[in-house]
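Presented below is the structure to which this report refers.
This structure is a prediction, so every number in the text was calculated from the model and none was measured.
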Amino acid sequence: MSSGKKKLKELLQQSDNRTCADCGAHDPKWASPTIGVFICLKCCGVHRSLGPSISKVLSVTIDEWADEEIEAMVEVGGNDSANSIYEAHVPEGVKPGPDASPEQRAKYIRSKYEFQEFLKPSLKISSNNKASPTEKNSFHAPTSSSNPPPKPVCPDGAIGHLKITILQGANLAVRDMLSSDPYVVLQLGDQRVQTAIIRSNLNPIWNEELMLSVPEDYGHVKLQVFDYDRFSADDIMGDAEIDIQPMMTSALAYGDASMFGDMQIGKWLKANDNALLEDSSVDIVDGKVKQEVSLQLQNVESGIIYLDIEWIPP
């Protein structure tokens, strides 16, 4: 027996996993690694109707499991752990029993997982697919991001925008059993924007554009990488600061960059007190002010983030 199958068998033998997470039926033979629960055959049918984005269903005895699916089950910890979240506020008499009708079963399961009506308020996902912070300096990423971010509204006193394209990461730190589910957060003043989550990847490719408006009294842009966790505060995977002064000084000095040919107009120099892997030049390219940046993540065992910055005048 493989180590993964052994972990799954040991998890199934826990007392809380010997009954269905949704109706309490004995000896469940199905599971949802998406959610982290063991379920019976009757509840399995409802889970399938939710679609794999909400609940992917596998047989404990028949199906082949990927290592990351087993690790997802182990990370949740079993039915009691999952239900402490998803059933934190179930009204009395609402949860169905093993002999519940198909209609009762379907209504409850959809309310529990799709509409999250019983979820802990601190973890409930809002309609825009972003979860609320669970503690200071810790927050959850959206589970997906397919549309480019809208241009932020310029607050009073803003002098323009930065379009920061998070290209990719390399050799990021492990924060789950074998890998991590990383996403990147940028913060400038009170603004906070973030990328999509890349599942189970220590060398993720985002190619995702994030927009920040630049106030007159701008400081450094703070970059943080997090590992997404389903039920707990997301783990930090390192941070770095982006000194935008070389970009801003050069861009404002030259004004309308479209009037100039391709040329270097500034440089952010690698030093012991910054996270640069190498000197980063500020260039006019095709009439736009741009900068390529490579950052060694700080306060972590490993990790590099590659990004591009473009100045967008107001």
Side-chain angles (χ1 to χ4, degrees), residues 8 11-12 14-60 69-136 138-145 176 181 197 199 226-235:
L8 189 63
L11 190 61
L12 185 59
Q14 288 182 192
S15 59
D16 59 316
N17 297 329
R18 295 179 182 177
T19 58
C20 174
D22 297 331
C23 74
H26 290 287
D27 197 23
K29 295 299 184 183
W30 296 83
S32 170
T34 317
I35 298 169
V37 292
F38 292 95
I39 52 178
C40 69
L41 179 61
K42 292 180 179 179
C43 290
C44 167
V46 183
H47 276 254
R48 288 190 188 279
S49 71
L50 299 178
S53 63
I54 297 177
S55 181
K56 178 182 178 181
V57 180
L58 294 172
S59 168
V60 175
E69 291 168 336
I70 295 174
E71 295 302 336
M73 295 293 296
V74 172
E75 182 181 352
V76 172
N79 288 353
D80 279 355
S81 179
N83 281 346
S84 70
I85 306 294
Y86 282 100
E87 294 184 348
H89 301 284
V90 179
E92 186 175 352
V94 170
K95 184 167 182 173
D99 298 323
S101 69
E103 293 77 16
Q104 289 174 317
R105 195 182 302 270
K107 181 179 179 181
Y108 179 77
I109 291 173
R110 292 180 72 89
S111 296
K112 180 178 177 180
Y113 300 113
E114 183 176 8
F115 304 119
Q116 302 173 9
E117 293 179 4
F118 318 128
L119 204 66
K120 281 185 176 180
S122 63
L123 296 178
K124 190 163 186 178
I125 300 174
S126 63
S127 59
N128 65 359
N129 287 333
K130 291 186 179 180
S132 302
T134 56
E135 55 184 76
K136 187 176 181 181
S138 299
F139 44 93
H140 286 274
T143 55
S144 65
S145 177
D176 296 329
D181 302 323
I197 304 162
R199 299 285 186 177
F226 288 92
D227 167 52
Y228 172 77
D229 287 320
R230 189 186 307 275
F231 294 125
S232 60
D234 296 351
D235 299 318

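- Although no hydrogens or angles enter the test, the distance criterion places no donor-acceptor pair under 3.5 Å between the side chain of D22 and the main chain of I39.
- Interatomic distance, L12 CG to F38 CZ, rounded to the nearest 0.5 Å: 5.0 Å.
- Across all non-hydrogen atoms, the minimal contact from L119 to H89 is O-CD2, 3.6 Å.
- One N or O on the side chain of S84 and one on the backbone of S81 form a donor-acceptor pair closer than 3.5 Å.
- Between C23 and K95, the shortest heavy-atom contact is N-CE, 4.4 Å.
- Between S55 and the options H47, E114, R48, a side chain to side chain donor-acceptor pair (under 3.5 Å) holds for only H47.
- Here the side chain of D234 pairs a donor or acceptor atom with the backbone of D229 at under 3.5 angstrom.
- How far OH of Y113 is from CG of L50: 9.5 Å, rounded to the nearest 0.5 Å.
- No donor-acceptor pair under 3.5 Å is formed between the side chain of S32 and the backbone N or O of V37.
- A donor-acceptor pair is defined here as one N or O able to donate and one able to accept, closer than 3.5 Å; such a pair exists between the side chain of D227 and the backbone of D181.
- Using modelled atom types, no side-chain atom of Q14 and backbone atom of N79 make a donor-acceptor pair closer than 3.5 Å.
- Scanning all heavy atoms of the two residues, the minimum distance from L58 to P33 falls at CD1-CG, 4.0 Å.
- Atoms OG and CD, from S111 and E87 in turn, are 11.5 Å apart once rounded to the nearest 0.5 Å.
- Under a cut-off of 6.0 angstrom, the local environment of NZ in K107 is sparse, with at most 12 non-hydrogen atoms contributed by other residues, nucleotides or ligands.
- Between D16 and D80 the shortest heavy-atom distance is OD2-N, 2.9 Å.
- Atom SG of residue C20 and atom CZ of residue R105 lie 7.0 Å apart, to the nearest 0.5 angstrom.
- Considering CD of E75 and CG of D176, their distance stands at 5.0 Å, rounded to 0.5 Å.
- Residues R110 and S49 approach most closely at NH1-OG, 4.4 Å, considering heavy atoms.
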